[in-house]
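Each ligand, and each atom within it, is numbered from 1 in the order the structure gives.
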Amino acid sequence: MHNLIGQFEKVRTPFYYYDTELLRTTLRAINEESSKHEGFKVHYAVKANANPKLLTIIREAGLGADCVSGGEIEAASKAGFPSEGIVYAGVGKSDWEINLGLDKDIFCFNVESLAELDVINQLAAAKDKVARVAFRINPNVGAHTHANITTGLAENKFGIAMEDMVDVIEKAATMSNVKFVGLHFHIGSQILDMGDFKALCNRINELQDQLEIHHIIPENINVGGGLGVDYEHPDRVPVPDFKSYFDTYARHLKLRPGQTLHFELGRAVVCQCGSLITRTLYVKQGSVKKFAIVDAGMTDLIRPALYQAYHKIENLSSESPVEEYDVVGPICESSDVFGKQVPLNATKRGDLIAMRSAGAYGEIMASQYNCRPLPVGYTTEDMRAL
Ligand SMILES: *Cc1c(COP(=O)(O)O)cnc(C)c1O
């Protein structure tokens with residue numbers, strides 16, 4: 001990134017910078033490690049980052065797309081993802097979104113309630129189509145991650161309770177415009193303990209045994225995403241440990257013959273390739289601490305304010321001795337803080353500051369609060385072309 005500072009100086013801050021070389025390296029690692037196992041199919045969770053340039057690179061690598069809204073289905077289609085590689089999850093799908101999925105003949109709807117199944121069946125009937133559906137089961141498996149991003153506990157809003165699984169599958173069999181094609185799970189995000197994924201495997205094994213009693217063998221098992229990244233060490237660990245991740249599933253999940261195992265990785269694909277680049281506007285000595293006020297705010301990167309998330313912050317313009325700053329944005333909210341007591345090479349007005357590991361849930365979550373413009377995303381190629 002340091003070799004592009006001259007280019008960074010040419011565009012208005014704040015902006016996102018995406019290291020597309022790292023993205024391609026990451027995608028190669030995913031393909032290499034997943035293809036060692038028979039029947040593994042990886043989708044990209046579009047919600048992590050729907051920047052069209054990144055979507056195109058990810059589609060070129062051959063991943064499918066995991067969407068959670070009609071807008072994401074549209075974004076994936078526009079980036080050239082084939083319909084047969086699109087899966088659509090979401091606890092509250094509206095009619096136009098379901099109709100869009102039906103019109104595009106997507107691979108499958110991940111259904112989260114009986115009420116939703118009814119609506120999909122009706123809407124498919126109106127189009128004289130048969131919708132492929134998988135049931136998202138709440139496996140009641142906890143992930144050792146932030147409470148706001150754990151999704152697989154009985155108390156969470158997501159999915160169908162395990163004890164209702166057989167009933168909903170049998171109900172689907174009686175409906176003429178849906179076809180049951182698999183089970184879906186997703187236990188949370190930023191998971192680094194492979195034991196959590198192992199617990200999910202064990203639970204799926206139990207559920208498959210139950211289904212076998214009813215002579216049900218789903219064609220597809222989808223285990224969602226959730227693999228975490230090293231926010232502390234973006235340079236030391238730029239590519240997540242995909243080998244351990246896929247090996248964990250290969251070792252612990254008992255696939256039945258002919259079953260396909262689907263993954264939906266978001267953060268692990270795009271997080272480390274992205275940085276939010278901002279500038280120091282002012283350095284302010286408060287009564288007890290020193291503030292670096294930068295031109296990016298929580299409108300550009302909300303994760304610290306929303307989840308108390310850590311992003312490594314670096315001064316790209318200075319090699320001066322390290323000092324401590326509270327790095328804050330210009331938004332009229334006290335939570336508009338990127339980090340407290342951040343060690344930073346001494347900064348002055350105009351320095352370029354990088355918030356690292358911001359490729360996932362960064363640009364896509366940006367808002368226009370305070371009538372701010374949305375941040376622009378530039379790739380390595382865009383920067384070189386300036
Ligand atoms: C968010 C989400 C993902 C991706 O999660 P990551 O932690 O970014 O890998 C996958 N599947 C579903 C259903 C999701 O909601």
Side chain, backbone, both or neither: which part of Glu264 has a heavy atom under 4.0 Å from ligand 1? both
Looking only at heavy atoms, is any part of Asp66 under 4.0 Å from ligand 1, and if so is it the side chain, the backbone, or both, or is it neither?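 The part of Asp66 near ligand 1 is the side chain, not the backbone.
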Non-hydrogen atoms of Ala268 versus ligand 1: any pair closer than 4.0 Å? no
So which protein heavy atom does [atom] come closest to, and at what separation?
atom                    : value
atom 7 (O) of ligand 1  : Ser189 OG, 2.3 Å
atom 8 (O) of ligand 1  : Tyr361 OH, 2.5 Å
atom 14 (C) of ligand 1 : Lys47 NZ, 2.7 Å

Considering only heavy atoms of [X], which atoms of ligand 1 have at least one such atom less than 4.0 Å away?
X      : value
Gly225 : 9 (O), 10 (C)
Arg267 : 6 (P), 8 (O), 9 (O)
His184 : 13 (C)

Using a 4.5 Å cut-off on heavy atoms from C-beta on, say whether the side chain of Lys171 contacts that of Asn121.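 With C-beta onward as the side chain, the pair stays apart.
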Do Val328 and Asp336 have side-chain heavy atoms sitting under 4.5 Å apart?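 No, too far: nothing below the 4.5 Å cut-off.
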Using the salt bridge (charged side-chain N to carboxylate O under 4.0 Å, His left out) rule, pick out the option among Asp105, Asp95, Asp103 that qualifies with Lys127. Asp103
Going through the checks in order, is the side-chain contact (heavy atoms from CB on, under 4.5 Å) test met by Leu207 and Phe185? CA-CA 12 Å; Leu207 294 174; Phe185 306 85; 3.7 Å; yes
Show, in sequence, the C-alpha distance, side-chain angles and deciding distance for Glu72 and Ser69, and conclude whether the side chain to side chain donor-acceptor pair (under 3.5 Å) test is met. CA-CA 5 Å; Glu72 287 189 1; Ser69 72; 4.6 Å; no
Any side-chain donor-acceptor pair under 3.5 Å between Thr278 and Asp295? yes
Minimum-distance pair of heavy atoms, taken over all atoms of Val239 and Ala29: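 Looking at all heavy atoms of both residues, the closest pair is CG1-CB, 3.9 Å.
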For Ala268 and Leu227 the tightest heavy-atom approach is CB-O, 3.6 Å
Going by distance only, is there an N or O of Ala45 that falls short of 3.5 Å from an N or O of ligand 1?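 N/O-N/O distance under 3.5 Å: no.
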Under 3.5 Å: N/O of Gly226 near N/O of ligand 1: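 The answer is yes, given that Gly226 and ligand 1 share an N or O pair closer than 3.5 Å.
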